[in-house]
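This report concerns only the one structure given below.
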Amino acid sequence: MRKVAFYTLGCKLNFSETSTISRQFAEKGYQKVEFSETPDIFIINTCSVTDNADKKCAKIVREAQAINPDGYVAIIGCYAQLKPKEISEIPGVDAVLGAAEKFRLIELLDGFVKPETTQVLASEIKEATAFNNAYSINDRTRTFLKVQDGCNYHCAFCTIPLARGKSRSDSVENILSSAREIAASEVKEVVLTGVNIGDFGIQDGKRTERFVDLVKAIDEVDGIDRIRISSIEPNLLTNEIIEFTSTSKRFVPHFHIPLQSGNNKTLRRMRRRYLRELYEDRINKIKQLMPNCCIGVDVIVGFPGETHEDFLDTYNFLNELNISYLHVFTYSERANTAAPEMEGRVPLKERKERSKMLRILSEKKKQQFYRENLDSTATVLFENDIENGMMHGFTENYVRVAAKYDPMLINELKTVTLKSINENGTVAVEEPEMVFETH
């Protein structure tokens with residue numbers, strides 16, 4: 001039995017796809033192992049959101065070579081679609097597969113025999129028209145369920161449409177079938193994921209369903225305790241979606257909503273499809289219906305043309321907004337996007353200083369959100385995340401808690417009382433044996 005190992009860089013969507021591809025290998029008789037167990041085949045699923053993600057790919061290839069110089073190394077994912085020739089020149093890479101080919105790699109690579117020269121199997125992105133169903137299972141406490149792929153938006157900073165193609169989706173019926181399979185495996189939490197999840201519903205180039213249709217339907221699937229929406233564009237997060245999730249059976253009070261800039265001039269240059277007034281309206285609507293809702297925000301700093309005053313506009317906007325944490329990205333130039341051609345390049349040192357300011361703000365926001373939740377009762381899904389005798393998990397509204405390690409609690413939902421904030425920023429709870437009740 002040949003051994004295969006997987007390494008995933010990037011987003012939840014990549015994790016769902018890696019897990020699905022690993023199951024294809026298992027069905028063909030391969031044994032899934034860790035990198036350290038000297039596999040015969042290495043599959044590296046790549047990201048290309050930033051330059052750093054590209055560099056990570058080369059590092060993982062070197063690590064694979066060190067572990068087994070005779071191992072077969074195949075690269076898939078966004079970086080593989082965008083720069084297949086560049087990857088093919090990395091020493092040790094045997095094959096590069098694009099977006100249209102990655103789910104067929106067992107068929108296309110025919111036994112994984114090391115070739116004399118690197119095989120490049122990467123069609124133009126226009127060929128990536130099929131939706132490949134994917135979900136992660138047995139890899140983590142929660143499952144990532146892919147419901148949408150690709151993007152029809154063309155933001156000035158983003159390569160994702162070039163890496164994943166046009167927006168396309170599975171049907172609600174097929175997703176419900178996957179959700180029932182997941183429920184049968186006793187997974188407690190499902191995260192709906194995609195590239196532009198709010199654009200769900202396009203099949204064969206035509207809109208046939210809506211994201212809210214999926215939300216309402218999957219809320220009825222028995223056997224899943226919690227459902228989380230991974231990330232959704234503010235212009236696609238409708239009142240109907242917010243109102244339904246506020247009273248739903250399974251959707252948790254947690255949204256992650258990309259903002260990218262709190263300055264309208266910068267939003268227009270970025271080619272975003274909203275202004276900050278709409279974003280603020282979405283936040284206010286959520287908090288009106290779900291006061292304890294956790295709201296995460298993506299922000300890019302140092303975009304071309306962003307002056308210091310523009311940045312302060314973003315900073316002050318976020319400071320006043322009732323949000324819970326930030327994911328801060330330092331702008332990096334990406335080939336074949338519009339932004340690098342724009343005037344007003346921000347020096348890298350200035351970009352890093354702005355990022356630092358927003359990361360400090362993020363920590364303040366998170367601590368404030370945690371304080372607001374102290375002395376309340378919450379349900380925690382405990383994970384196999386053990387450190388210094390303490391185990392960790394998240395409440396339904398995404399407060400990270402720490403409790404004394406108990407192996408019986410892993411992948412269990414337990415009711416706790418949030419008591420205090422620890423030195424490391426997690427929230428302490430009352431002793432499990434005192435307050436936990438099985439749901």
Side-chain angles (χ1 to χ4, degrees), residues 7-11 13-14 17 44-62 73-93 95-102 118-129 149-167 194-196 231 233 258 260-261 266-273 298-306 327-352 354-355:
Y7 196 96
T8 305
L9 295 161
C11 62
L13 186 55
N14 273 6
E17 293 180 340
I44 303 169
N45 193 356
T46 61
C47 170
S48 193
V49 171
T50 66
D51 280 326
N52 196 37
D54 296 357
K55 291 169 186 171
K56 286 179 181 177
C57 174
K59 183 176 182 180
I60 301 304
V61 172
R62 288 195 299 271
V73 178
I75 312 296
I76 61 175
C78 291
Y79 182 31
Q81 177 64 42
L82 290 171
K83 297 182 179 178
K85 185 175 185 301
E86 183 176 300
I87 296 173
S88 72
E89 294 169 355
I90 298 173
V93 172
V96 185
L97 292 91
E101 292 80 19
K102 62 188 173 186
T118 304
Q119 287 183 272
V120 177
L121 305 167
S123 306
E124 291 185 24
I125 194 59
K126 64 182 180 181
E127 301 298 323
T129 57
D149 201 351
C151 188
N152 292 344
Y153 291 7
H154 292 279
C155 299
F157 52 80
C158 186
T159 59
I160 296 302
L162 304 174
R164 284 190 169 269
K166 292 184 177 180
S167 181
V195 173
N196 188 356
S231 179
E233 293 284 301
Q260 311 308 10
S261 176
T266 305
L267 285 172
R268 291 188 182 98
R269 288 171 65 85
M270 287 177 164
R271 299 180 183 172
R272 302 293 285 167
R273 299 194 176 198
D298 287 343
V299 194
I300 296 173
V301 300
F303 186 80
E306 182 189 66
H327 282 174
V328 183
F329 298 88
T330 304
Y331 171 74
S332 62
E333 289 77 5
R334 310 305 291 151
N336 300 314
T337 61
E341 306 303 318
M342 295 180 178
E343 295 180 355
R345 183 181 183 276
V346 179
L348 187 58
K349 181 181 178 183
E350 182 67 23
R351 298 183 211 180
K352 290 181 177 179
R354 294 176 190 179
S355 293

Problem set entry | Exercise: identify the closest heavy-atom pair between Ala99 and Ala163 | CB-O, 3.6 Å
Exercise. Between atom CG of Leu13 and atom CG of Asn45, what is the distance when rounded to the nearest 0.5 Å?
Worked result: 9.0 Å
Exercise. In this structure, are over 12 heavy atoms from other groups packed under 6.0 Å from Glu343 atom CD?
Worked result: no
Exercise. Is any side-chain heavy atom of Arg164 closer than 4.5 Å to a side-chain heavy atom of Cys78?
Worked result: yes
Problem set entry | side chain to side chain donor-acceptor pair (under 3.5 Å) contacts in which one or both residues fall within residues 152-162, not counting sequence neighbours | Tyr153-Asn235
Exercise. Above 12 or not: heavy atoms from other molecules or residues under 6.0 Å from CD of Glu124?
Worked result: no
Exercise. Do Ile76 and Leu97 come close enough that some side-chain heavy atom pair is under 4.5 Å?
Worked result: yes
Problem set entry | Taking every non-hydrogen atom, the tightest pair across Ala122 and Glu101 | CA-OE1, 3.6 Å
Seminar exercise, completed: Distance col, row Thr129:OG1 vs Lys166:NZ, nearest 0.5 angstrom, shows 10.0 Å
Exercise. Going by an N to O cut-off under 4.0 Å, is there a salt bridge joining Arg269 and Glu306?
Worked result: no
Exercise. Are Ser332 and Arg351 linked by a side-chain donor-acceptor pair shorter than 3.5 Å?
Worked result: no
For this session: Quick one: closest heavy-atom pair of Val195 and Cys151, and the distance?
Result: CG1-CB, 3.8 Å
Problem set entry | Pairwise side-chain contact, Ser48 with Gln81, heavy-atom cut-off 4.5 Å (strictly under) | no
Exercise. Is any side-chain heavy atom of Leu82 closer than 4.5 Å to a side-chain heavy atom of Asn336?
Worked result: no
Exercise. Does the side chain to side chain contact (heavy atoms under 4.5 Å, CB included) test come out yes or no for Gln260 and Arg272, once each step is laid out?
Worked result: CA-CA 9 Å; Gln260 311 308 10; Arg272 302 293 285 167; 3.6 Å; yes
Exercise. So, the side chain of Asn196 versus the backbone of Gly150: is there a donor-acceptor pair under 3.5 Å, distance only?
Worked result: no
For this session: Report the distance from atom CG of Leu162 to atom NZ of Lys83, rounding to the nearest 0.5 Å.
Result: 11.5 Å
Problem set entry | Residues Glu17, Lys102: salt bridge by 4.0 Å N-O rule | yes
Problem set entry | Closest approach of Ala80 to Val96 (non-hydrogen atoms, all atoms of both residues) | CB-CG1, 3.8 Å
For this session: Run the numbers on Ile75 and Ile90 for side chain to side chain contact (heavy atoms under 4.5 Å, CB included), then give the verdict.
Result: CA-CA 11 Å; Ile75 312 296; Ile90 298 173; over 6 Å; no
For this session: Taking ring pair (Phe, Tyr, Trp, His ring centres under 6.0 Å) as the test, write out the residues that go with Phe303, two or more places apart.
Result: Tyr331
Exercise. What distance separates Ile44 CD1 from Lys56 NZ, expressed to the nearest 0.5 Å?
Worked result: 13.5 Å
Problem set entry | Thr118 side-chain N/O to Ala95 backbone N/O, donor-acceptor pair under 3.5 Å | no
For this session: Side-chain contact test, heavy atoms from C-beta onward, threshold under 4.5 Å: evaluate it for Met270 versus Phe157 and give yes or no.
Result: yes
Seminar exercise, completed: When every non-hydrogen atom of Thr46 is compared with those of Asn14, the smallest separation belongs to O-ND2, 3.1 Å
Exercise. Which pair of non-hydrogen atoms, one from Ser88 and one from Val120, has the smallest distance, and what is that distance?
Worked result: CB-CG2, 3.7 Å
